[in-house]
Amino acid sequence: MGEYDLIVVGSGPAGRRGAIQAAKLGKNVLVVEKGKRVGGVSVHTGTIPSKTLRETALNLSGWRERGFYGRSYRVKQDITAGDLRRRLLITLDHEVEVLEHQFARNHVQHIRAHARFVDAHTLEIEKDDGEKSLVTGKAILLAIGTRPHRPDHIPFDGKLVHDSDDILEIEHLPRSLTVIGAGVIGVEYATIFSALDIPVTLVEPRDEILGFIDKEIVEDFIYEMRDRNMKILLGHKAEAVACDPATRRCQVTLSNGRVIQSEMVLYTAGRTGAVDTLNIEAAGLKADSRGRLEVDPETFQTEVPNIYAAGDVVGFPSLASTSMEQGRIAARYAVGAPASEPPNYFPYGIYAVPEISTCGLTEEEVNQRGIPYECGVGRFRETSRGHIMGLNTGLLKMIFSTKSRRLLGVHIIGEGATELIHIGQAVLNLKGTVDYFVENTFNYPTLAEAYKIAGLDAWNRMGEKPLTTEHSDE
Ligand SMILES: Cc1cc2nc3c(=O)[nH]c(=O)nc-3n(C[C@H](O)[C@H](O)[C@H](O)COP(=O)(O)OP(=O)(O)OC[C@H]3O[C@@H](n4cnc5c(N)ncnc54)[C@H](O)[C@@H]3O)c2cc1C
């Protein structure tokens, strides 16, 4: 029976970062991963595959050049599923190789096996060939992630009706697609397929999409999607899906009786924590109805003192970026090396087409808190870089407190949003003001100049800073 300072279950972003952190602190660490290769959902079915698919779709379709050459412009005329998959496989190989090297360099042991609790310190691990053994850990970090929610009324078949895992394995691109569920994963895939000129219908039972994003940005996003003929049907649930494999036709029936026809259906409404085969009861743990584990938000300790959990299995924000940080913090506490408190604001990136990124408070949140504020907007088409790139769309919005002049939130839609956001994030977390954007020089020509334009836009209405500005905390 192997004995370890820390056993990490799962090798996704939370698990791998946690394992390496503990190893760097000199601890004896084992990672148990049931998947064929290390990397988790992030590398094999989530973040990296969807972002590689997006990049390939934008490159081969010539999407980024269409502002100049028109909507019919294409780099490759007949884009196939094979074209998309080829780049995906190469990218995934690189990711796995880097990860395995990180484990080796840091002396993290990893084993391909399924883990199941025997008690709070002991796990039974079972390899694919059925061989079983026991391992014990002074501490255990659960970084087991989630898997797609697959309700019984949806006839998933991996051919015409897909979830976000098996959509990556399609052999032919569909002639038309219905996406059920307009959460982050749904809008990303819907807009990626639409960028390949595939007619897409996006169905969402709620009356709005992306409710946690600033409304002005969401309105712009919906406008752009509709402008390229995507159908967005809000407020009605998909009640039934029926497909005929012979004719390759699917029908999605909505709660208002409307029937949507398409060749393929992608169901992206929700994910479930992967707790069901872990026998968590034996360790004294319990999960909620969506398979999520409750943890202390600062230390990521569960109700069982030696067991920690991090990443998607603990719920929002369920990002690879935040999972890594949670894994690192959880591992530190698990091996008795407390971590410093994380900064207030982290960025949220949505790699739709166009991409969206946001950090800090939305205008709706600022209103709810009763903070007096001013907004500044910079459009990409006002920047010289935007002209060079042929951009007609894209905007950056900043919200400032008129009392302290401090930046409260940054919201971006358009090319490079997920990179540009980090300038705003730094100013936010360092408690900077509108004057930072007015007084500093930005590289020219860049899209980052939109920060300057938005800063000046707000500054024009806010006026000069008083000679001594008090920066109160809000
Ligand atoms: C389509 C899609 C797109 C996404 N895009 C982005 C994005 O652009 N940016 C971003 O930041 N995030 C994105 N995410 C979210 C991101 O992938 C997740 O937040 C991240 O993977 C969560 O990491 P994790 O460490 O919690 O677990 P996961 O990556 O889910 O890994 C968990 C691992 O645990 C293993 N495991 C589970 N149970 C056991 C067991 N009993 N024994 C052994 N091993 C076990 C699993 O096999 C798996 O490998 C996306 C997700 C999806 C689905």
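When a ligand or atom number is given, it counts from 1 through the structure's own listing order.
- Relative ring orientation between His149 and Tyr267 is described as tilted, the plane-to-plane angle lying within the 30° to 60° band.
- At a threshold of 4.0 Å, the pair Arg66-Asp197 counts as salt-bridged, since one of the basic side-chain nitrogens sits closer than that to a carboxylate oxygen.
- Partners of Asn229 under the side-chain contact (heavy atoms from CB on, under 4.5 Å) rule, at least two apart in sequence or in another chain, do not exist in this structure.
- Side-chain contact of His121 with Thr136: a donor-acceptor pair under 3.5 Å is absent, judged by distance alone.
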Are any protein N/O atoms closer than 3.5 Å to the N/O atoms of ligand 1? If there are, list each pair with names and the distance to one decimal place.
residue	atom	partner	partner atom	Å
ligand 1	5 (N)	Lys51	NZ	2.9
ligand 1	8 (O)	Lys51	NZ	2.8
ligand 1	11 (O)	Ala320	N	2.8
ligand 1	11 (O)	Ser321	N	3.3
ligand 1	12 (N)	Thr47	OG1	3.4
ligand 1	12 (N)	Ala320	N	3.0
ligand 1	14 (N)	Thr47	OG1	3.2
ligand 1	17 (O)	Thr47	OG1	2.9
ligand 1	19 (O)	Asp312	OD1	2.7
ligand 1	19 (O)	Asp312	OD2	3.2
ligand 1	19 (O)	Ser318	O	3.3
ligand 1	19 (O)	Leu319	N	3.3
ligand 1	19 (O)	Leu319	O	3.3
ligand 1	19 (O)	Ala320	N	3.1
ligand 1	21 (O)	Ser42	N	3.3
ligand 1	25 (O)	Pro13	N	3.3
ligand 1	25 (O)	Ala14	N	2.9
ligand 1	26 (O)	Asp312	N	2.9
ligand 1	29 (O)	Val41	N	3.0
ligand 1	29 (O)	Ser42	N	3.3
ligand 1	41 (N)	Ala115	O	3.1
ligand 1	42 (N)	Ala115	N	3.0
ligand 1	44 (N)	Lys34	N	3.1
ligand 1	47 (O)	Glu33	OE2	2.6
ligand 1	49 (O)	Glu33	OE1	2.7
ligand 1	49 (O)	Glu33	OE2	2.9

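- In this structure, CZ in Arg17 is found 12.0 Å from CD in Gln326, a value given to the nearest 0.5 Å.
- Relative to the ring axis of Phe156, Arg150 places its NZ or CZ within 45° and under 6.0 Å from the centre.
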